[in-house]
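The structure under discussion appears below in the form of structure tokens.
Letters go in sequence order (proteins before strands), and every chain restarts at 1. Remember, it's a predicted structure, so these values are computed and weren't measured experimentally. All values below come from the heavy atoms of this structure, side chains included, with hydrogens, waters and symmetry mates left out.
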There are 4 protein chains.
Amino acid sequence: MIIVMRKGATKEQCIALEERIREAGLEPHVIHGTERNVYGAVGDERVITEQFFEVCEGVERVMPILAPYKLASVEVKPEKTAIQLGSSLIGGQRIGIIAGPCSVESRAGIIEAAQMVKEAGAIALRGGAYKPRTNPYAFQGLQEEGLEYLAEAREATGLPVVTEVLSPEGVEIVAKFADVLQVGARNMQNFLLLKALGNTQKPVLLKRGMSATIQELLFAAEYILSAGNPNVILCERGIRTFEDHTRNTLSLSSIPALRERTHLPVLADPSHGTGHASLVGPMSKAAIAAGADGLIIEVHPHPEKALVDGAQSLNPQQFIQLMKELKPLAQAVGREM
Amino acid sequence: MIIVMRKGATKEQCIALEERIREAGLEPHVIHGTERNVYGAVGDERVITEQFFEVCEGVERVMPILAPYKLASVEVKPEKTAIQLGSSLIGGQRIGIIAGPCSVESRAGIIEAAQMVKEAGAIALRGGAYKPRTNPYAFQGLQEEGLEYLAEAREATGLPVVTEVLSPEGVEIVAKFADVLQVGARNMQNFLLLKALGNTQKPVLLKRGMSATIQELLFAAEYILSAGNPNVILCERGIRTFEDHTRNTLSLSSIPALRERTHLPVLADPSHGTGHASLVGPMSKAAIAAGADGLIIEVHPHPEKALVDGAQSLNPQQFIQLMKELKPLAQAVGREM
Amino acid sequence: MIIVMRKGATKEQCIALEERIREAGLEPHVIHGTERNVYGAVGDERVITEQFFEVCEGVERVMPILAPYKLASVEVKPEKTAIQLGSSLIGGQRIGIIAGPCSVESRAGIIEAAQMVKEAGAIALRGGAYKPRTNPYAFQGLQEEGLEYLAEAREATGLPVVTEVLSPEGVEIVAKFADVLQVGARNMQNFLLLKALGNTQKPVLLKRGMSATIQELLFAAEYILSAGNPNVILCERGIRTFEDHTRNTLSLSSIPALRERTHLPVLADPSHGTGHASLVGPMSKAAIAAGADGLIIEVHPHPEKALVDGAQSLNPQQFIQLMKELKPLAQAVGREM
Amino acid sequence: MIIVMRKGATKEQCIALEERIREAGLEPHVIHGTERNVYGAVGDERVITEQFFEVCEGVERVMPILAPYKLASVEVKPEKTAIQLGSSLIGGQRIGIIAGPCSVESRAGIIEAAQMVKEAGAIALRGGAYKPRTNPYAFQGLQEEGLEYLAEAREATGLPVVTEVLSPEGVEIVAKFADVLQVGARNMQNFLLLKALGNTQKPVLLKRGMSATIQELLFAAEYILSAGNPNVILCERGIRTFEDHTRNTLSLSSIPALRERTHLPVLADPSHGTGHASLVGPMSKAAIAAGADGLIIEVHPHPEKALVDGAQSLNPQQFIQLMKELKPLAQAVGREM
């Protein structure tokens, strides 16, 4: 940590700070500046938060030096992590597309969707059984019935299944049916859920929260990793800004920025990231060009009849066309698809 | 709903839309514009989301007319709701201050804090037993032990106790010990938690999410209300913006704006809303001037020794002084304290 | 500056950095950490930007220590600055209210407005002659004719006049008629305009840009101060966020935060800061409670006929009522009005 | 416009609104809803702002139907506009890269840079002669001397020159030397500057403001177009959000969203859009994949010696390598380079 003292901080305040630094198991090191003194607190500062020093009298500002996550960092594990998804890998050379409807609406519907996305080249099926909805009066998903239909769709197609889990106590049942457990943006900092997911070995698809920095996303991953589950897939799905032409602002720079900081695979979700079907294609291409390891795309056999998020869903023709267009793009950035 | 057709939408698209409007139980009503047609869908549109119409071909944009929450709205209940907190009311004529440390750290500490804030005029004690922490390696609270200490502090002082609950399954135990169940900003859209809280009758202090609109806050309240618990207290605690001089941007206009839309009481949290003890006083005053029904303030007997959030905690002297300064302000806006 | 080296930075990179630090006229000082080295560059770093060091190989991050503005800072001038406005002071013990219509629309209208706001207790008249409008087809103000009407309103009432200037070449004419030259939010970083204003001695009312940090606001003030004009009044007028219940998010914490950093007076603009007349009253009170030295409020004799911004304008009755309500508030925070 | 009345609006208020609609040259059309009435105001509403109706008593909300810009819209001109830049076109089939240093620092330096970027395949040279700087004490550019050096670089290489103009009175001199006049993000709503640029026929490169919606960007373009200059090139350069891993958040969805709304060419600036050289490559690729017509990239012969923005500048090797990598990407989206 770097601790900047106020101009005019007293000698007593400096001594008290030095003691506090030692109390934290760190070593104080002072730089006498022209206007104020600055302390370095040397050692593994990750055990301490800035606030430990901010409260000391005479302190103006505290700046951490080390990124406080460990297991997620490239410093601990420089080589990229690839995670098995059925017969495919997410995070390897090949770009993986996960596709399917926002929510599971019927047995026939999800099987039809699964067959369609498989044929078009998707490596996994997405579909929500438990739907977190802003409006309490809106459709909340088929729940356990939806999980069963997803499992049937997997049997029918061989595609692994990705679906959302909403609470710690839901982990067991969702893990029983699904291949990948998704954490939605609203739950990225539901720490009890993260810990519960750390106790399984199933891959977790962790979506970035709407107002989360990428450091906070990596911290959320660290919760899962440090509880014992190494299979975490990150997903950029858009942040909340003042922009009004999209539902969220898909911040694609997070992809290369995460790549510099973590070994975990990174996906993008251009469907929630834009909210408009017409923007999904361009932003899918852009995400791959930015270095994403894959995409998660909403596709619905009949978007105009979708119970949830139809406006951002591609129809089968659009999805098949997009999959064709993505291939040369993947190659252009040295990947396969 | 108002549904704006694209320029050049076909007659068939218009007819299909009209059918879809009727399918939703609403009545179509067309306005033939100079450049495009606009439809009104008349009836109780709250059962339908915009997306139900956005997916129709030829539709450019859909704009809802009615605020989609009901029980929380002033239209359903024009008179203000006041909620009992021990021997005080939140939402009445008198402004109520809830105060205490960020987290419960020891039996002695929380009792000392309770006595101090009571003496200074607080109507309830706050203190976290379960702490949601961004960093998995940081102190996560004393958990159930903390709840017991809170209960002891209540016995010692008579102050009702406000503490956070993190998950649906935690509701029972927290409700056993606490008087008010707090939903933190990160959990504002943890819908299973909201539903579980709707099944108790204990007051719920619902904090606004870091990137939540006030409509989303009211929807979150509606989850609790519609599940059967009418005792919801809203709390503005700051939103995430580009600003870097505070931890969050305390958006005080939400207070009068909520007042125009809802009968529920509204508090402000100037501690998390700023992150700096030196800003807590001015923003406490500003919140009351803006019409808040009360404040929730972090106070710690020894901020420099606090395990969590010391930098934003007032010390006893600061808190006592602030309470004195708040009184004339409350009177200046026609309230008591 | 604090310069953090990458883990594994070479000895050569460290030596090159040390040379660069000396090249900047500063003195290098190294802290050998457990994982990486950190350099302090000691001396007056304000002549250098972070980028001067960020480009060096092996550097991970650069953190400035000193606030880079000088003349605006409390460190250079600890005592508050009060600025003469006609017979009143902005920044003294007394809170000053500047009021008037968004734009000057007619001679009779502005004189009527001036008389009304004076009677209600305003210390200055505001009114736009040159209107920056997002839409090129919207009313752009009466221009020089508007300036003349403002001058007539001053003669009729004795109120000093505040009006916006849009470009460096406009400074002369606006300064000829007006008492205070206003810089609008969109022009906060129009540096040529700021320099031109620095060459006058007329007070400048500098509005915070919609996406400006308070450090950037102080830098903008520094442009004016360093060019020779000490009479700068700052104004919080709302920032752009994801919120949709107001036109902007009035960030009142900027007021006490500016007070900690600068001696310049600080106003708030609750009219542009909210965009809704019904929110102007509560936010006016909140701004004063937060420590504002005054307010600039839009008032129109007939808001429903205003050419610009009628929806956020108070009518005379509302303004007179608000002025009455503000007085006890000012007293409650130890000020007068 | 759609005008939503409050619940309980009186008959008189409705009649008054109808009159006001007619006063605006529009035709009222009422939809009687179950809870409130809604009016359509039929006709060319672009002459009126929402506020014209918002001020009427009984009105709750006003929603415009038509996008208020005209000349910039695809409805007025469906076919894409391509703009001549030296011997190249921006907005045609071929993707154009504009490159060069942030600021012109010396005659030799800019000529060296021009030769390098030309050889690597750039179609134009960028370089700032007038630099808008946040810090008044920072280097402000070589000014007119810089313009002369740019002209020499053009002579030496044949590359057209893009440089920023800061004020209306600067347009003449900059237009004398430069081929494309750039409007920086801070000046996007400097309406006098926009009007002055509308009076030339030189292409204008208009950067999106840091907090501008894409509608506001199109309005800014409309200022230039409506003053008579059809040669406007738009540029996404990042918006200000809470993110802290980049200097700005490059919002690439603006590219396809602009394409749906306007015929004007759209560039991206991955240098300012990220602030870090290591992110420029991935985001350049992403921008092209998203449909950009070109890029403007900061390249410096010796970034570590750059006076401005070195940390985001590519060095020649990096730029040459990136240009090679962009070609297959352009082809993958059906473009050339």
*Determine whether A/Tyr39 and A/Ile2 make a side-chain contact, defined as any pair of heavy atoms from C-beta on separated by less than 4.5 Å.*
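When only atoms from C-beta onward are counted, A/Ile2 and A/Tyr39 do not touch, as no gap falls below 4.5 Å.
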
Please report the interatomic distance [atom1]([X]) to [atom2]([Y]), rounded to the nearest 0.5 Å.
X        : Y        : atom1 : atom2 : result
A/His263 : A/Glu75  : NE2   : CD    : 11.0 Å
C/Leu166 : C/Gln182 : CG    : CD    : 10.0 Å
A/Asp293 : A/Leu264 : CG    : CG    : 10.0 Å

*Any chance CD of C/Glu60 has more than 12 other-residue heavy atoms, nucleotides or ligands included, within less than 6.0 Å?*
yes

Main-chain N/O of [Y] paired to [X] side chain as donor or acceptor, under 3.5 Å:
X        : Y        : value
A/Arg261 : A/Ala257 : yes
A/Thr262 : A/Leu258 : no
C/Asn190 : C/Leu193 : yes

*asked:* Can a side-chain donor-acceptor contact be found between C/Lys77 and C/Ser73 if the only test is distance below 3.5 angstrom?
replied: no

*asked:* Does anything in residues 210-226 of chain C reach chain A? List residues with heavy atoms under 4.5 Å apart, or say none.
replied: none

*With a 4.5 Å heavy-atom cut-off (strictly below), which parts of residues 234-255 of chain C touch chain A? List them by number.*
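Only C/Arg240, C/Thr241, C/Phe242 of residues 234-255 of chain C have a heavy atom under 4.5 Å from chain A.
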
*Measure A/Glu27 against the heavy atoms of chain C and call it side chain, backbone, both or neither at under 4.5 Å.*
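Answer is neither: A/Glu27 stays 4.5 Å or more from chain C.
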
*Under 6.0 Å from the six-membered ring centre of A/Phe139 and within 45° of its axis: does the NZ or CZ of A/Arg133 meet both?*
no

